[in-house]
Every structure is written in C-alpha cells, then in structure tokens.
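A quick write-up on the structure given underneath.
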There are 2 protein chains.
Amino acid sequence: MSTIFFAYQRFSSMIDLKKYNLNKNQHRMIYLVAELNIASIGKIQKLLNISRQAFNVNLRELVERKLVNEVTSKKDKRIKTLELTEKGIELNNKVNEEQKKEIEAIFDRVNNDWEKAMIELSKEYINELDK
Amino acid sequence: MSTIFFAYQRFSSMIDLKKYNLNKNQHRMIYLVAELNIASIGKIQKLLNISRQAFNVNLRELVERKLVNEVTSKKDKRIKTLELTEKGIELNNKVNEEQKKEIEAIFDRVNNDWEKAMIELSKEYINELDK
DNA sequence: AATAATATGTCAACCATGTTGACATAAAAA
DNA sequence: TTTTTATGTCAACATGGTTGACATATTATT
C-alpha cells in the first residue's frame, strides 16, 4: 500500500503545473475532459469532488484562456458539456509530456511489469533523500 | 498513464482525514515517519517538499497532540529524528484501515495482478459518475 | 398553464494552508 | 575563532477552498 502512496508522490512530482499557470484542480479538470469524452459539468464537478464555486472559478479561467469550450446539450438545454479546444489539447499534451516519457522509460526498464514499475517509482521517491 | 492518475484519485478518496483532524501534509508526515525508520527532520521535510515553516507548524501540532516524538541524535546533536508515539502508531493504523481493507479486497479479486488492480481502481473512480 | 425540480452561475464572507524572507540558536566543522 | 549546518519562529502575504444565499433557464410534474 505504501508503494501506491509513494509511487504517486513521485508520479505527480514529474509535472510542473506552475510552468503552465495551472493549479491542481484545473489540471485535473483538463485531464478529465481529455480522457472522458463528453461529460456534463455537473458530473465532472462531482468527480473532482470540489465545491461548485471552486469549480466555476477554475472553469471560468480555463474558458477565458480558450483551453476549454462549453457546449450546450441539444437534448436538454440545461446541461453543458466540456471539451478541450485545440489549444487545450496542445497544452494538455505538453503538460504531461515529461511525465509520460519518464513513465514509459520505467515501464520499458521493467518489461511492462506493473508491480515492478510501481516499486521503482516508489523507490525513486524515497531515494530523493540521498540527493 | 491515466490509469495511475485515476487510480490514485480513488485510492486517496478512501481516506477521510477530516475525521481524524489531520491535514494532508500531516498525514504524509505520519505516513513517512511510520514507513521510513529514522530520518532526520530535514530529510523528511525535503521529501514532503514543503517550506520549512509549513513543515514546522504541522509538526508542532503533531508533537502537541503527542502523536510524534522528536529525538535528538546522539552523534550529532544538531539533528533530530522523528518517531511515532504509541498513540501515533494507533492513529496511523486507524486512518489507513479502511483504505487497506479496500485495497486488499481489490487485489484479492484480481489475484494480485497489479495492472488489473490499478485498472480496477481507476474504473471505480470514473464510475462514481453513475451514482 | 402553473408549479416544482434540475442544472447551472455568481457573490460575499470566511477559512485553511502555504510561501517567503528575516532573524535566532546550538552544535559541529574548518 | 569563524563558518557552516540543522533547526525554530515570526510577520506579511498569497492561493485556493467552502458555505450559504440568491438568480436564471429549462425541463418535468400535476
């Protein structure tokens, strides 16, 4: 269990959100929108597990920065779904690029063995001690 | 990669820190102290990757609540190491209990296949949509 | 048609937690 | 003796979150 815990610390340290002027929830938002296709605002907010206010403030900024589009559903005009703009897709790729490379390198090293990969990540985290 | 990301969201949602009056960094601190044995304050702080001030404020509270002891190193009296008190160990176990159970149940279900376990966790996260 | 419920947006007030930079002390190293 | 290291603490400020009240448009219910 500590493996999962520590591995994730390492995993998330591979991303530098500041560089892209995103906060954690905005990153989670973009990531979710990119991975799920088509989910209503309400559902995304529920997944993020943050207050409506926090959600809206963050979303507003992403929309203003033209990273995300809001699309009103045709069946039920109360509902809006989110999608990434071209710019949003590009940013998302860039943000995750470094992490992706490192993770892929690790999986290569351990022949795609998930257990070994996670242990490796976990070790990398703990070994930051010795730097 | 999204598997690791989503799986961890689910993983961390299994713990309710509020119930135990801990914030995230205090939990990380306790968790680290429990898993590593014997690490200096400086090293733990570096691992947590937070400012000295944030570290000290959080640590102070843990010490006041008698969850953690500070031990001055004999070799080098400048250095202090941290250890959990009995009460700290107990709390740590309690905090992680529910998570541990759920994770073990998942690993049982997938015959300890890490890849499947992580995918399962990830799915559980996404499927919170349908509640 | 009238009323209720749903999905969303927004504001103000407040709170939790973090960062930075300056300063301080004790111990060890040079 | 001087410098460096490991630690502690303060004040000022920044970031980001929550809550509760209120508002609108649309759909569902009666």
Side-chain angles (χ1 to χ4, degrees), chain A residues 9 12-13 15-30 32-33 36 38-65 68-83 128-131, chain B residues 9 12-13 15-30 32-33 36 38-65 68-83 128-131:
Chain A
Q9 307 294 121
S12 75
S13 78
I15 285 190
D16 181 9
L17 293 176
K18 233 186 217 164
K19 216 164 81 186
Y20 302 97
N21 274 302
L22 291 173
N23 65 34
K24 225 176 78 184
N25 279 329
Q26 288 173 334
H27 180 233
R28 289 173 71 209
M29 247 161 100
I30 290 183
L32 269 176
V33 173
L36 313 178
I38 306 161
S40 72
I41 283 197
K43 289 187 174 181
I44 294 173
Q45 187 218 312
K46 223 164 138 200
L47 269 185
L48 289 177
N49 203 27
I50 58 178
S51 67
R52 212 153 74 251
Q53 173 66 348
F55 179 84
N56 278 323
V57 168
N58 282 319
L59 174 57
R60 208 184 304 159
E61 207 190 300
L62 295 182
V63 172
E64 273 162 12
R65 288 168 65 183
V68 170
N69 277 333
E70 296 170 313
V71 183
T72 302
S73 160
K74 277 165 196 164
K75 294 168 239 163
D76 183 340
K77 286 178 200 153
R78 287 172 305 183
I79 294 176
K80 281 192 197 168
T81 58
L82 298 181
E83 56 181 35
E128 279 172 27
L129 263 178
D130 309 322
K131 277 176 198 165
Chain B
Q9 306 293 124
S12 76
S13 77
I15 286 190
D16 182 10
L17 292 176
K18 235 187 216 162
K19 215 163 83 187
Y20 302 97
N21 275 301
L22 291 173
N23 65 34
K24 225 176 78 185
N25 279 329
Q26 288 172 334
H27 180 232
R28 289 172 71 209
M29 246 161 101
I30 290 183
L32 269 176
V33 173
L36 313 179
I38 305 161
S40 72
I41 283 197
K43 287 186 174 181
I44 295 174
Q45 188 219 310
K46 222 165 139 199
L47 268 185
L48 288 177
N49 203 26
I50 58 178
S51 66
R52 217 163 61 254
Q53 173 67 347
F55 180 84
N56 278 323
V57 168
N58 282 319
L59 174 57
R60 208 185 303 160
E61 207 190 301
L62 295 181
V63 171
E64 273 163 13
R65 288 170 64 185
V68 170
N69 277 333
E70 297 171 312
V71 183
T72 301
S73 160
K74 276 165 197 163
K75 294 167 242 164
D76 183 340
K77 286 179 200 153
R78 287 172 304 182
I79 294 176
K80 281 190 196 169
T81 57
L82 298 181
E83 56 181 34
E128 279 172 27
L129 263 178
D130 309 322
K131 278 177 197 165

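Checked against side chain to side chain contact (heavy atoms under 4.5 Å, CB included), A:Glu70 has the following partners two or more places apart in sequence or in another chain: A:Ile41, A:Leu59, A:Val63, A:Lys80, A:Leu82.
Ranked by how close their nearest DNA chain C nucleotide is to the 5' end, A:Lys18 and B:Asn23 are led by B:Asn23. The 5' end of DNA chain D is approached more closely, in terms of each residue's nearest nucleotide, by A:Leu22 than by the other of A:Gln53 and A:Leu22. Nearer to the 5' terminus of DNA chain C, by closest-nucleotide assignment, is the contact made by A:Lys80 (compared with the other of A:Lys80 and B:Lys74).
To the nearest 0.5 angstrom, A:Met29 atom CE is 7.0 Å from A:Ile50 atom CD1.
Rounding to whole angstrom units, CD1 of residue A:Ile50 and P of C:dT17 are separated by 17 Å. Atom CZ in A:Arg60 sits about 7 Å away from atom C1' in C:dT10, given to the nearest Å. If you measure from atom CE of B:Met29 to atom C1' of C:dG18, you get 14 Å, rounded to the nearest angstrom. When rounded to the nearest whole Å, the span between CD of A:Gln26 and C1' of D:dG17 equals 13 Å. Atom P of nucleotide D:dG16 and atom CZ of A:Phe55 are separated by 17 Å, given to the nearest angstrom. When the P atom of C:dT6 is taken as reference, atom NZ of A:Lys43 falls 15 Å away, rounded to whole Å. Atom CD of A:Glu61 is separated from atom P of D:dG17 by 11 Å (rounded to the nearest Å). In this structure, B:Asn25 places its CG atom 8 Å from P of C:dT19, rounding to the nearest Å.
Contact annotation for B:Asn56: base contact, defined as any heavy-atom pair under 4.0 Å involving a base atom. No engagement by B:Lys24 is indicated, since no non-hydrogen atom pair under 4.0 Å with the nucleic acid exists. Residue B:Arg52 is classed as a base contact, given a heavy-atom separation below 4.0 Å to a base. When heavy atoms are screened at a 4.0 angstrom cut-off, A:Glu70 is found touching the sugar-phosphate backbone but no base atom.
Taking five base pairs at each end of the helix from C:dA1-D:dT30 to C:dA30-D:dT1 and finding the rotation axis that steps the C1' atoms of four pairs onto the next four gives two axes whose angle is 30°, to the nearest 10°.
Evaluation of atom-type donor-acceptor distances gives a pair under 3.5 Å for the side chain of A:Arg78 against the base of C:dT6.
Closest to the A:Ser51 side chain, of the nucleotides C:dA28, D:dT19, C:dT8, is D:dT19. In this structure, of C:dG18, D:dT27, D:dC10, it is D:dT27 that holds the atom nearest to the side chain of A:Lys77. With C:dT8, D:dT27, C:dA28 as the choices, the nucleotide that has an atom nearest any side-chain atom of A:Ile79 turns out to be C:dT8.
In terms of heavy atoms, A:Glu83 sits closest to A:Val33 at CA-CG1, 3.7 Å. The shortest heavy-atom contact between B:Arg28 and B:Leu48 is NH2-O, 3.1 Å.
Put simply, the side chain of B:Val68 does not reach to within 4.5 Å of the side chain of B:Gln26, judged on heavy atoms. Inter-residue side-chain proximity for A:Lys24 and A:Ser12 is flagged as unmet; no heavy-atom pair is nearer than 4.5 Å.
In this structure, B:Glu61 pairs ionically with B:Arg65, as a charged nitrogen and a carboxylate oxygen lie closer than 4.0 Å.
More than 12 heavy atoms of other shown residues, nucleotides or ligands fall within 6.0 angstrom of atom CG in B:Leu17.
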